[in-house]
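Since this is a predicted model, take the numbers as computed values, not measurements. Excluded from the calculations below are hydrogen atoms, water molecules and symmetry mates; all remaining heavy atoms, backbone and side chain alike, are included.
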Amino acid sequence: MSTIQDNQGRDPQLMLDWSDDNGKTWSNQRTASFGMAGHYRQRVRFLRLGQARERIYRVSISDPVKRVILSANLEAEGGMN
């Protein structure tokens with residue numbers, strides 16, 4: 001049975017990074033608060049993520065807490081071929 005260390009789960013962080021070369025290398029992580037304990041309607045947004053043709057996004061969470069992602073949206077514009 002796993003246990004949560006002191007202060008784990010109090011303010012878990014969501015980390016986002018991405019790869020533009022099919023997972024060979026990854027960007028620096030961006031972090032945002034995933035919501036303090038008891039805050040169930042936390043919204044996380046990452047803006048100004050740049051541009052790429054075939055980008056892979058990776059999301060991870062810092063603490064071993066229950067998590068539910070209800071949706072993920074990407075707003076994109078078509079560019080030149």
Can you tell me how far the [atom1] atom of [X] sits from the [atom2] atom of [Y], to the nearest 0.5 Å?
{"X": "D11", "Y": "S62", "atom1": "CG", "atom2": "OG", "result": "7.5 Å"}
{"X": "Y57", "Y": "D17", "atom1": "OH", "atom2": "CG", "result": "11.0 Å"}
{"X": "S33", "Y": "R43", "atom1": "OG", "atom2": "CZ", "result": "15.0 Å"}
{"X": "D20", "Y": "R55", "atom1": "CG", "atom2": "CZ", "result": "4.0 Å"}

Exercise. Please list, chain by chain and in numerical order, all residues satisfying side-chain contact (heavy atoms from CB on, under 4.5 Å) with R48, sequence neighbours excluded.
Key: none
Quiz item: Centre of W18's six-membered ring, under 6.0 Å away, within 45 degrees of the axis: is that where NZ or CZ of R58 sits?
Solution: no
Exercise. Verify, without hydrogens or angle tests, whether T31 (side chain) and M15 (backbone) share a donor-acceptor contact under 3.5 angstrom.
Key: no
Self-check item: For I56 against G23, the heavy-atom pair lying closest together
Solution: CD1-N, 4.0 Å
Quiz prompt | Flag side-chain contact, heavy atom, 4.5 Å: Q13 against D63 | solution = no
Practice problem: Flag yes if L49 and W26 sit in one hydrophobic cluster, no otherwise; membership is Ile, Leu, Val, Met, Phe, Trp, Tyr, and two members link when side-chain heavy atoms are under 4.5 Å apart. | Solution: no
